[in-house]
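Keep in mind that the numbers below use all heavy atoms, side chains included, and drop hydrogens, waters and symmetry copies.
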Amino acid sequence: MMSPASMTEDFIATDEPVHGLQRLVARFGGHAYDPHRHETYAVGHTLWGAQAFRYRGSDRISVRDECMVIHPDEVHDGHAGVPEGFSYRMLYIEPWLVCRALGRDRLLPFVPEVVERDAALAALIDDAFADFPYPMELLQADAFISDVAAHLARRSDDAGLQRVAALPVDEVAVARSFLTEEFDRQVTSCDLERITGLDRFELSRAFRRLIGTSPHRYLVGRRLAHARSRMAAGEGLAEAAAASGFADQSHMTRHFRARFGITPGRFATLASASQA
């Protein structure tokens with residue numbers, strides 16, 4: 001396990017998303033992230049130090065061996081809570097996979113205790129990093145999602161366990177797949193109405209209840225994931241923006257900071273440090 005003695009520089013290391021799942025390991029000595037929100041669950045394990053952040057109106061802190069569960073679309077930030085900083089592992093999980101793992105007629109589980117000493121969840125997270133940064137095998141990813149979904153349901157406030165058979169589950173899945181495939185072009189509400197047969201407002205409401213965010217934020221998330229992968233591989237910011245469907249580098253930067261809490265330039269520097 002990494003320790004303060006073996007890590008002196010801030011860094012971020014990620015892998016390529018596999019089946020709606022992405023892993024990240026990072027170290028920070030001070031300020032880490034500005035306020036931001038992701039369209040995924042963020043499930044993490046603090047390895048050492050103390051990770052402080054503001055979440056749902058309260059100051060929280062996760063220390064060594066504690067776990068975090070951040071719900072999709074909830075604003076949070078991040079900084080070191082002790083002088084030596086902190087290191088952590090985080091997995092980002094597409095909410096629709098959690099729904100599917102629990103049963104296709106369930107809403108997203110909400111875990112009220114964002115930080116908890118949870119040995120079972122820590123073991124699941126650490127096992128998912130056993131081969132990092134080598135890609136996860138699909139069977140491993142599916143097993144992890146199944147186990148974590150069941151764990152989130154057990155720790156939830158029960159809101160996510162209510163049945164929602166009346167929601168257009170299949171139509172939302174069609175819209176999600178379309179946005180995933182067409183992320184690098186302009187997509188309109190008319191496009192989604194045409195492929196789903198739903199009114200744009202009905203689709204937007206159902207999408208948020210089942211996916212955890214709006215269709216537009218989901219689309220932007222796909223663009224950002226693509227841009228981040230290209231930057232991690234060493235591509236320039238302007239080139240990554242152009243290849244990912246953004247109007248220009250400035251357009252990407254605004255969305256990147258809102259999604260990840262850091263600028264693309266800082267991410268590229270941190271990603272480079274992880275490979276040094």
Side-chain angles (χ1 to χ4, degrees), residues 14-24 37-45 67-74 88-116 118-132 134-181 183 196 203 205-215 217-219 221-222 225:
T14 63
D15 62 358
E16 288 294 319
V18 173
H19 193 49
L21 184 68
Q22 186 170 35
R23 297 172 294 179
L24 174 148
R37 56 181 181 168
H38 355 116
E39 73 280 3
T40 62
Y41 278 100
V43 180
H45 179 203
C67 292
M68 300 157 284
V69 177
I70 297 175
H71 199 266
D73 252 3
E74 291 287 351
Y88 70 105
R89 291 169 172 163
M90 188 75 81
L91 288 109
Y92 299 96
I93 309 167
E94 295 289 349
W96 67 270
L97 287 169
V98 174
C99 275
R100 195 173 81 176
L102 294 176
R104 64 195 307 274
D105 59 347
R106 305 277 186 185
L107 285 179
L108 298 174
F110 179 81
V111 176
E113 294 299 327
V114 60
V115 176
E116 190 167 277
D118 186 333
L121 183 57
L124 286 174
I125 294 169
D126 291 344
D127 185 61
F129 277 83
D131 294 329
F132 185 86
Y134 294 103
M136 290 183 74
E137 296 186 34
L138 289 178
L139 282 177
Q140 181 188 11
D142 288 342
F144 174 81
I145 291 165
S146 178
D147 290 341
V148 167
H151 196 85
L152 296 180
R154 285 193 295 272
R155 284 185 50 188
S156 78
D157 58 4
D158 291 333
L161 302 182
Q162 58 184 292
R163 293 189 176 276
V164 290
L167 286 179
V169 176
D170 292 338
E171 289 84 351
V172 168
V174 168
R176 180 192 59 76
S177 295
F178 182 83
L179 294 170
T180 299
E181 294 169 0
F183 72 89
T196 65
L203 175 62
R205 289 192 299 270
F207 199 97
R208 182 173 289 279
R209 294 189 74 188
L210 290 168
I211 307 298
T213 191
S214 69
R217 278 185 53 77
Y218 184 84
L219 174 65
R222 306 286 68 72

Run the numbers on Phe207 and Leu179 for side chain to side chain contact (heavy atoms under 4.5 Å, CB included), then give the verdict. CA-CA 12 Å; Phe207 199 97; Leu179 294 170; 4.0 Å; yes
Report the C-alpha separation of Trp96 and Val172 in whole Å, then their side-chain angles, then the decisive distance to 0.1 Å, and conclude whether the side chain to side chain contact (heavy atoms under 4.5 Å, CB included) test is met. CA-CA 10 Å; Trp96 67 270; Val172 168; over 6 Å; no
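A distance of 9.0 Å separates CG in Asp118 from CZ in Arg154, rounded to the nearest 0.5 Å. Remark: Cys67 SG to Glu113 CD distance equals 13.5 Å, nearest 0.5 Å.
For the pair Ile93 and Val148, the minimum side-chain heavy-atom distance is below 4.5 Å. The side-chain heavy atoms of Pro72 and Thr213, taken from C-beta on, include no pair separated by under 4.5 Å. A heavy-atom distance below 4.5 Å is found between the side chains of Leu102 and Pro109. Two residues are said to be in side-chain contact when any heavy atoms from C-beta on lie closer than 4.5 Å; His45 and Leu121 fail this criterion. Looking at heavy atoms from C-beta onward, Leu24 lies in side-chain contact with Tyr88 at the 4.5 angstrom threshold. Contact check for Tyr218 versus Pro95: no side-chain heavy atoms found under the 4.5 Å cut-off.
Legend: residues meeting ring-ring contact (aromatic ring centres under 6.0 Å, His included) with His38, ordered by chain and number and at least two apart, are His36, His76, Tyr92.
Using a cut-off of 4.0 Å between Lys/Arg side-chain N and Asp/Glu carboxylate O, Arg155 and Glu116 are scored as salt-bridged. Using a 4.0 Å cut-off between a side-chain N of Lys or Arg and a carboxylate O of Asp or Glu, Glu94 and Arg222 qualify as a salt bridge.
Minimum interatomic distance between Ala128 and Arg23 (heavy atoms only, all atoms of both residues): O-NH1, 2.8 Å.
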